[in-house]
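Working notes, structure below.
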Amino acid sequence: MREPLALENNQKIVLIDGGKMDTVYLRVNSENPDETSLKKAAELIRKGELVVFPTETVYGLGANSFDETAIMKVFEAKGRPQDNPLIIHISNMEMLKEVVSQDVGSFSALMNLVWPGPVTLIFDKNKEIPNSVTAGLKSVAVRFPSHPVAQELIRLSGVPIAAPSANLSGRPSPTMEEHVIEDMDERVSCIILSGPTVFGLESTIIDLSRGRPSLLRPGPIDPDQLKGVLPDLHVPEFVSGRKEYLGDPMSPGLKYRHY
Ligand code: AMP
Ligand code: MG
C-alpha cells in the first residue's frame, strides 16, 4: 500500500490503485542524450504509454497528444481534474501546424524570441487534437522546450507530446529526480532521469487566441522582454502581483493555482 499523500492544502486526492505498473528507469545525459535510450521511451509514447521526461522548467508527464486513451491515462496517473487543460510540447515549427488552426505568421518575432524555451503560447486548436487535451476549450497551449532530452524525445516519437508537470495533483511541480520518483513510480511506464531542471519554475503562458495578447501566467521570462516583440501585450494586475486572481469564468484554464 502507498503511504497517504500529504497535500499542501489538506485536500484528499483519489488515486486509482488498479493501474500500478513496473516503471522502467532511463538515465540520460541532459546535454548529450543517448539516442538508443530515448528511442525506447519514444516507442512507449507511440504505443500510448506514459513517459516522464525532463524539460528546462519542470519534469513533465508525457503522452501522445493525438491518442485520447493515453491522454486519459495522464489525468488518472496525476489524479488531475479533467477540466485542467494540458500543454502540448513540440520539437520543431512544422509540428505546430499539426496542433493549431490559427495563422501564426504575425507572431513569428515572438516565437523566434521565446522558442525553444520556457514560454507557452495559446492558439486556436486544430480539430485533430482531442478535446480531453484542452479540457473542451477551443484553444490549445503549445510549447517548444529547449531541453535537449525533451527535444530529442519528441523528435524520436514523431508526435507532439501533451504533458502536465509530473507531480500528483495538488503537490509541487517536480524539479528534482527524487520528487519525480516519489510521485510517479509505478504510475507510468517510463521515467527519464537527467538531473535537476534548469529554471525550476513553470513556463510563462501567453494567450494569442483572443485578439489582444494576454499574459496568463508569470514564469521565467520577464514581461518587459516580451513587450519588446509584443508591444500590446496585456499584463493583468493579478499576474503583475498587485492583485490576487480570484477566478474568471472566461478563463477556465486558469482555474487552478500553480504555486
Ligand atoms: P501545467 O500545470 O504547467 O501543466 O500547465 C497547464 C496550465 O496551462 C493549465 O492549468 C492552464 O492554466 C494553462 N492552459 C493550458 N491550456 C490552456 C488553454 N487552452 N487556455 C488557457 N490556459 C491553458
Ligand atoms: Mg502543474
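All ligand and atom numbering here is 1-based and tracks the order in the structure.
- In this structure, I192 and P54 have side chains that are in contact, with non-hydrogen atoms separated by less than 4.5 Å.
- When each atom of ligand 1 is checked for a heavy atom of I122 under 4.0 Å away, the hits are 17 (C), 18 (C), 20 (N), 21 (C), 22 (N), 23 (C).
- The residues E43 and K40 are annotated as not salt-bridged, no charged nitrogen and carboxylate oxygen being separated by less than 4.0 angstrom.
- Using a non-hydrogen distance threshold of 4.0 Å, T134 does not register as a contact of ligand 1.
- By the criterion of a heavy-atom distance under 4.0 Å, the side chain of I87, and not its backbone, is placed next to ligand 1.
- Considering P164, S214, G219 only, the shortest heavy-atom separation from atom 4 (O) of ligand 1 involves P164.
- At a cut-off of 2.8 Å, S165 is counted among the residues with an N, O or S atom near the Mg ion (ligand 2).
- Across every non-hydrogen atom of V104 and M111, the tightest pair is O-CE, 3.5 Å.
- Between H179 and P174, the shortest heavy-atom contact is CB-CB, 3.9 Å.
- Less than 4.0 angstrom separates some heavy atom of S165 from each of these atoms of ligand 1: 4 (O).
- The CD1 atom of I161 lies 9.0 Å from the NE2 atom of H89; values are rounded to the nearest 0.5 Å.
- Atoms of ligand 1 found under 4.0 Å from any heavy atom of R80, numbered from 1 in the order shown, are 2 (O), 4 (O), 6 (C), 10 (O).
- Side-chain atoms of T120 and S203 include a donor-acceptor pair closer than 3.5 Å.
- Between F107 and F123, the two ring planes are tilted [angle within 30° to 60°].
- The residue among N84, I88, V58 with a heavy atom at the shortest distance from atom 10 (O) of ligand 1 is N84.
- Ionic pairing of K138 and D124 is not present here: no N-O contact between side-chain nitrogen and carboxylate oxygen is shorter than 4.0 angstrom.
- Interface atoms of ligand 1 facing L137, defined by a heavy-atom separation under 4.0 Å, are 18 (C), 19 (N), 20 (N).
- No salt bridge links K73 with E76; every basic N to acidic carboxylate O contact stays at or beyond 4.0 Å.
- Under a 4.0 Å heavy-atom criterion, K125 is not in contact with ligand 1.
- Heavy-atom separations between R143 and ligand 1 are all 4.0 Å or longer.
- Each of the atoms 18 (C), 19 (N), 20 (N) of ligand 1 lies under 4.0 Å from some heavy atom of S139.
- Atoms of ligand 1 lying under 4.0 Å from any heavy atom of I205, numbered from 1 in the order shown and given with element: 8 (O), 13 (C).
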